[in-house]
Protein chains: 2
Amino acid sequence: MSEILSQQEVLDRFHARLGASGLKSTQQRDVIVAKFFELGRHISVEELLEEVRRTAPRIGYATVYRTLKLLVEHRFATPRQFGDGQTRFDPADGDDDEHDHIICLGCRRVLEFSDPTITVRIQGVVAAQGDFELARQRLELYVHCKTEDCPHLAASKHR
Amino acid sequence: MSEILSQQEVLDRFHARLGASGLKSTQQRDVIVAKFFELGRHISVEELLEEVRRTAPRIGYATVYRTLKLLVEHRFATPRQFGDGQTRFDPADGDDDEHDHIICLGCRRVLEFSDPTITVRIQGVVAAQGDFELARQRLELYVHCKTEDCPHLAASKHR
DNA sequence: TTAGCTGCAAAGAGTTTGCAGCCTG
DNA sequence: CAGGCTGCAAACTCTTTGCAGCTAA
């Protein structure tokens with residue numbers, strides 16, 4: 001069972017891990033990390049940078065990339081590629097907190113779900129295929145949604 | 001049930017589809033398409049180009065990219081991103097022929113599998129989540145394999 | 001004080017595009 | 001012969017890196 005941690009708690013844990021690795025916490029990192037956990041999931045570097053610059057306008061791309069890399073290395077973020085060229089990132093609490101995605105090919109909206117039945121079945125599949133240690137699973141369901149404003153409905157007219 | 005089609009049959013079907021769309025078949029396209037179906041799955045543009053140049057040394061990157069794009073549009077190929085930065089492509093017979101992957105994070109070897117039980121369960125998940133039409137599913141299992149020569153076993157020593 | 005960090009700009013990787021000439025239908 | 005296709009190089013997008021100055025511990 002994973003508990004829900006407050007933003008502050010996650011930031012504290014991040015600081016603790018930084019310290020344990022001999023790394024520093026800086027104003028920029030704090031702003032980026034706080035915004036990252038405050039905002040929703042599946043955020044791109046560009047979206048995050050834009051938000052972060054409202055607080056700290058002089059922060060550059062490189063710092064955001066480097067901070068996200070740090071987060072990933074310390075398991076506070078999970079990178080995702082949904083096929084549109086950009087990497088997106090999901091917050092994680094530093095432990096395992098897996099979920100999967102439904103992605104609309106028209107409007108690129110993303111929904112999360114998790115299904116324990118599938119997870120169990122997956123473990124069976126891996127065991128059946130050979131001598132492997134499962135590191136992580138990634139399941140993406142690409143759909144067309146029936147929402148009014150989903151561009152794919154008008155795709156044949158425009159573009 | 002999907003039948004196994006010979007390389008020639010797939011090439012013929014590709015030509016037929018090209019014609020139906022008012023497109024031309026050329027020497028270069030034939031070489032690229034033939035090699036693509038001859039070689040294994042999950043091939044990258046670079047690997048394919050290298051192979052293709054043994055037959056036709058003057059073929060350039062752009063032609064391979066453009067031909068693969070054509071194949072994808074006509075459902076003769078499926079693009080995959082396993083997180084190492086390059087897009088890989090799987091041959092398909094022009095109809096649906098889905099399978100999923102087990103990827104070793106150490107040696108980047110890729111294994112295929114498909115599991116109907118999971119597919120069925122996925123349809124249930126999608127239906128439960130909202131009003132969607134499932135376009136395709138993608139399931140990737142990242143593992144560490146226990147093979148002798150898998151570099152991850154020596155990862156902590158080297159690099 | 002001294003690692004480590006930042007911002008900038010330049011460099012890299014992978015992919016796409018513009019264009020003049022070529023080839024297929 | 002017309003329109004699509006090719007090869008080349010340049011352009012583009014996303015991401016990483018080198019470096020001089022800055023800052024947290």
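Computed over heavy atoms, backbone and side chain alike; hydrogens, waters and symmetry mates excluded. Treat the numbers as computed from the prediction; the structure is a model and nothing was measured.
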Sorted by number, the residues of residues 27-36 of chain B with heavy-atom contact under 4.0 Å to DNA chain D:
B:Gln28, B:Arg29
Reading DNA chain C from 5' to 3', where do the contacts with chain A start and stop? Cut-off is 4.0 Å to heavy atoms.
C:dA3 to C:dC8
Need to verify one output field. Residue with the more 5' nearest nucleotide on DNA chain C, B:Gln86 or B:Lys24?
B:Gln86
Within this structure, what is the CD-to-C1' distance between A:Glu47 and D:dT13, rounded to whole angstrom?
16 Å
Does A:Arg80 use its side chain to pair, donor to acceptor, with the backbone of A:Thr87 at less than 3.5 Å?
no
Axis deviation across the helix from C:dT1-D:dA25 to C:dG25-D:dC1, five-pair ends, to the nearest 10°
30°
Using modelled atom types only, decide if a donor and an acceptor are shared between the side chain of B:Arg17 and the backbone of B:His74 within a distance under 3.5 Å.
yes
Can any side-chain N or O of B:Arg75 pair as donor or acceptor with the backbone N or O of B:Ala92 at less than 3.5 Å?
no
Looking only at heavy atoms, which two atoms of B:Ile59 and B:Leu49 are closest? And how far apart?
O-CD1, 3.7 Å
Looking only at non-hydrogen atoms, find the nearest pair between B:Leu105 and B:Tyr142 and report the distance.
CD2-CD2, 3.6 Å
Applied to residues 41-71 of chain A, the ring pair (Phe, Tyr, Trp, His ring centres under 6.0 Å) test, sequence neighbours excluded, yields A:His42-A:His101
Would a distance-only check, ignoring hydrogens and angles, find a side-chain to backbone donor-acceptor pair under 3.5 Å from A:Arg41 to A:Leu111?
no
For DNA chain C, determine which residues of residues 48-65 of chain A have any heavy atom closer than 4.0 angstrom to one of its atoms, and list them numerically.
A:Arg58, A:Ile59, A:Gly60, A:Ala62, A:Thr63
Atom pair distance, as rounded to whole Å: NE2 in B:His15 and P in D:dC5
12 Å
Can you see which heavy atom on B:Phe76 is nearest to which on B:Phe36, and at what distance?
O-CE2, 3.8 Å
Side-chain heavy-atom pair B:Asp30, B:His15 within 4.5 angstrom cut-off
yes
Is there a side-chain contact between B:Ile118 and B:Leu139 in this structure, where contact means two heavy atoms from C-beta onward sitting under 4.5 Å apart?
yes
Give every residue pair that meets the salt bridge (Lys or Arg N to Asp or Glu O under 4.0 Å) criterion with at least one member in residues 114-130 of chain A, sequence neighbours excluded.
A:Asp115-B:Arg121, A:Arg121-B:Asp115
Could you tell me whether the side chain of B:Glu47 and the main chain of B:Ser44 form a donor-acceptor pair under 3.5 Å?
yes
So, for A:Val52 and A:Ile32, which heavy atoms are closest and what is the spacing to 0.1 Å?
CG2-CA, 3.9 Å
